[in-house]
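Comments concern the structure below.
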Amino acid sequence: MKNYKTKIALFFVALTTLVSCNKIKDFGDTNVNPADITSPSTSAILTGVIPGLAGWAKDNSAIVWIQYNSETQYPSEGLYAVASTYFGFGSYTGALLNLKTIKDKSSNADEIAVARILTQYIYWHLTDALGDIPYSQALKGTVPGYDKQKDIYQGMIAELKAAKNQFINSGALQGDILNGNSVPKWIKFANSLRAMMAIQLSKRYPGAAEYAATEFKAAIADGVITSNADNIQLNYPGGSYKNPFWADNDGARDNGESVQLYNMLNSLADGRQAAYGSSNIPVPYGLNEGDINNWIKANVNWSRTLAPNQRLETSPVYFLTAAQLFLARAEAAERGWTTEDATSMMIQGINASFAQWGLALPPASYFTQSGVVLNGTNNMKKIAEQAYLASFPNGRAGWNIWRRLGYPVLTPSPAPLNPAHVVTPRRYTFTPATASTFSEYSLNPAGVASSIATLVPAGDLQENRIWWDQ
């Protein structure tokens with residue numbers, strides 16, 4: 001998203017080309033550039049889009065807000081700096097526009113279905129970050145209206161169903177570096193996204209007969225991820241394309257394992273600490289620059305995010321996992337949405353999480369301790385905390401769990417930068433017009449106004465709640 005100015009410039013060049021096409025036809029081949037690409041390689045476009053999506057599965061701000069990470073120098077996100085703006089427009093002129101090209105230009109039904117799924121994956125993250133955004137009218141060459149988040153969610157789930165039904169498994173899918181050109185994995189991804197989107201609406205639709213439960217059950221029935229072999233993960237080759245967590249620790253080392261995460265693992269004697277951190281010295285959360293600098297000097301062996309063997313150049317980044325799906329199913333069972341056994345689903349989720357990191361499965365005693373066993377006391381809290389632990393280091397996934405369920409209980413920074421912002425953010429804010437010519441405020445002020453009017457309380461603040469969080 002940092003290259004948004006270049007993407008926007010290319011976007012407007014493309015628009016100019018499209019508008020001028022009729023004039024070119026009028027003059028035959030006179031103005032046709034023989035070197036111009038009129039039939040793009042859609043498989044190459046797909047390959048190019050996928051690596052950029054790893055940022056959604058990491059989210060450098062949310063990973064700090066949710067206290068998977070603590071900042072070890074130049075603290076800002078953990079002090080709730082008001083610069084937590086989110087340039088959604090760049091996603092429209094970048095990945096979403098490229099995926100639209102695939103849908104418009106490809107003749108491969110499987111490739112189009114993949115592009116449809118990835119499009120909804122991006123919209124999911126955009127709306128969860130901001131609330132109401134352009135959706136149904138986006139990328140149509142006009143200034144779009146901002147759709148209500150309720151309508152966006154229903155649209156995303158419907159589109160994922162349609163994409164799933166479009167697959168013909170012709171064997172012609174190419175360029176898929178996420179799922180290895182496997183149509184069955186893409187179908188499970190689409191169904192799993194539907195399930196996760198449905199569970200995200202539990203605040204708005206809590207009842208077993210309501211929309212969220214109905215869609216969740218339909219997604220499970222259609223077949224979701226149930227094995228780590230089907231995890232949606234981007235495997236890095238190393239060399240010029242390195243795992244981003246490796247890159248984080250290769251240079252400045254701005255983040256470490258947060259004391260919040262460490263304490264939760266330690267209280268349960270949880271073996272995942274061997275994968276999630278590099279030592280037993282977690283980093284305090286939310287200290288100002290002077291205090292964290294002094295602490296780092298006194299604790300040179302502080303715990304880095306992920307153990308060294310889990311952040312190699314070639315380590316994967318996980319988009320969606322079996323552990324996350326099983327724990328969502330545990331929550332749905334606890335809510336009475338399904339007839340599945342909540343305890344069985346939670347145990348399978350925890351075991352899948354351990355296995356995902358190459359760890360020995362926890363002993364039977366792990367599941368009987370008071371902080372884990374579903375015995376009718378704080379069951380939803382226990383499921384939420386296990387979902388939080390299993391989602392690490394996906395900052396966006398952990399943030400969604402906390403925003404929706406209120407767990408784990410977070411202790412805010414003791415040293416916020418601004419007295420007006422002293423609690424954990426619940427959304428990103430739109431980029432102000434003063435910060436960029438291409439901000440949403442500059443390009444579509446009416447749309448932004450309609451979006452922030454739906455927040456609670458109304459207004460473009462990082463503490464305000466989007467629709468499903470109300």
Side-chain angles (χ1 to χ4, degrees), residues 1-2 46-69 77 86 88 90-91 94-96 99 114 117-130 156 160 176-180 185-186 188-190 192-197 199-200 224-225 228 230-237 241-249 255 257 261 272 275-276 305-306 310-325 327-328 349 352-353 356-357 387-404 428:
M1 288 189 289
K2 292 182 180 179
L46 177 62
T47 303
V49 166
I50 289 172
L53 303 184
W56 302 116
K58 185 170 182 271
D59 195 325
N60 289 329
S61 295
I63 199 173
V64 175
W65 291 338
I66 197 58
Q67 299 183 28
Y68 285 155
N69 277 1
E77 303 293 354
Y86 191 87
S91 297
L96 287 173
L99 291 168
V114 166
I117 292 168
L118 291 178
T119 296
Q120 302 316 305
Y121 180 79
I122 294 171
Y123 277 126
W124 185 33
H125 286 288
L126 286 171
T127 188
D128 282 355
L130 292 162
M156 292 188 299
L160 288 168
D176 169 23
I177 60 173
L178 186 62
N179 289 324
K185 284 193 72 171
W186 278 104
K188 287 185 179 181
F189 187 23
S192 299
L193 285 174
R194 289 162 52 199
M196 298 305 290
M197 289 175 183
I199 203 76
Q200 198 67 23
V224 297
I225 300 167
N228 283 331
D230 289 328
N231 285 349
I232 309 302
Q233 62 188 65
L234 182 59
N235 298 308
Y236 287 81
Y241 302 96
K242 300 178 178 67
N243 175 285
F245 289 101
W246 178 90
D248 284 351
N249 287 274
N255 297 288
E257 180 189 12
L261 175 65
R272 283 172 286 190
Y276 288 5
T305 300
L306 292 167
Q310 301 290 355
R311 47 176 162 80
L312 305 174
E313 290 187 20
T314 55
S315 295
V317 167
Y318 297 98
F319 287 36
L320 196 57
T321 66
Q324 290 174 285
L325 265 297
L327 286 157
S353 178
Q356 173 185 326
W357 298 100
Y388 169 88
L389 292 176
S391 296
F392 174 86
N394 187 325
R396 180 61 69 85
W399 189 41
N400 281 350
I401 292 163
W402 172 80
R403 287 191 289 172
R404 185 169 57 82
Y428 281 87

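Because the structure is a prediction, the values reported are computed rather than measured.
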Check your understanding: So, Glu257 versus Thr305: side-chain donor-acceptor pair below 3.5 Å or not?
Key ->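 Absent: no donor and acceptor within the cut-off.
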
Listed by chain and number, what are the ring-ring contact (aromatic ring centres under 6.0 Å, His included) partners of [X], not counting sequence neighbours?
| X | answer |
| --- | --- |
| Phe245 | none |
| Phe392 | Tyr68, Tyr276 |
| Trp246 | none |

Please list, chain by chain and in numerical order, all residues satisfying side chain to side chain donor-acceptor pair (under 3.5 Å) with [X], sequence neighbours excluded.
| X | result |
| --- | --- |
| Lys58 | Asn60, Asp248 |
| Arg272 | Asp270, Ser353, Tyr366, Gln386 |
| Trp124 | Asp128, Tyr153 |
| Tyr236 | none |

Review point. How are the rings of Tyr428 and Trp65 set to each other: parallel, tilted or perpendicular (split at 30° and 60°)?
Key: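 Aromatic pair Tyr428/Trp65 classed tilted.
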
Exercise for review: List in chain and number order the residues that pass salt bridge (charged side-chain N to carboxylate O under 4.0 Å, His left out) with Asp176, two or more places apart in sequence or in another chain; answer none if no residue qualifies.
Suggested key: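 Expected list: none.
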
Exercise for review: Under the salt bridge (charged side-chain N to carboxylate O under 4.0 Å, His left out) rule, collect the residues that match up with Arg404, sequence neighbours excluded.
Suggested key: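 By the salt bridge (charged side-chain N to carboxylate O under 4.0 Å, His left out) rule, Arg404 matches Glu331.
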
**Study point:** side chain to side chain contact (heavy atoms under 4.5 Å, CB included) against Ala57, all qualifying residues, sequence neighbours excluded
**Key:**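 Side chain to side chain contact (heavy atoms under 4.5 Å, CB included) list for Ala57, sorted by chain: Tyr121, Val317, Phe319, Asn394.
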
Point to revise | Salt bridge Asp230-Lys185, side-chain N to carboxylate O under 4.0 Å | key: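 No, this pair does not count.
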
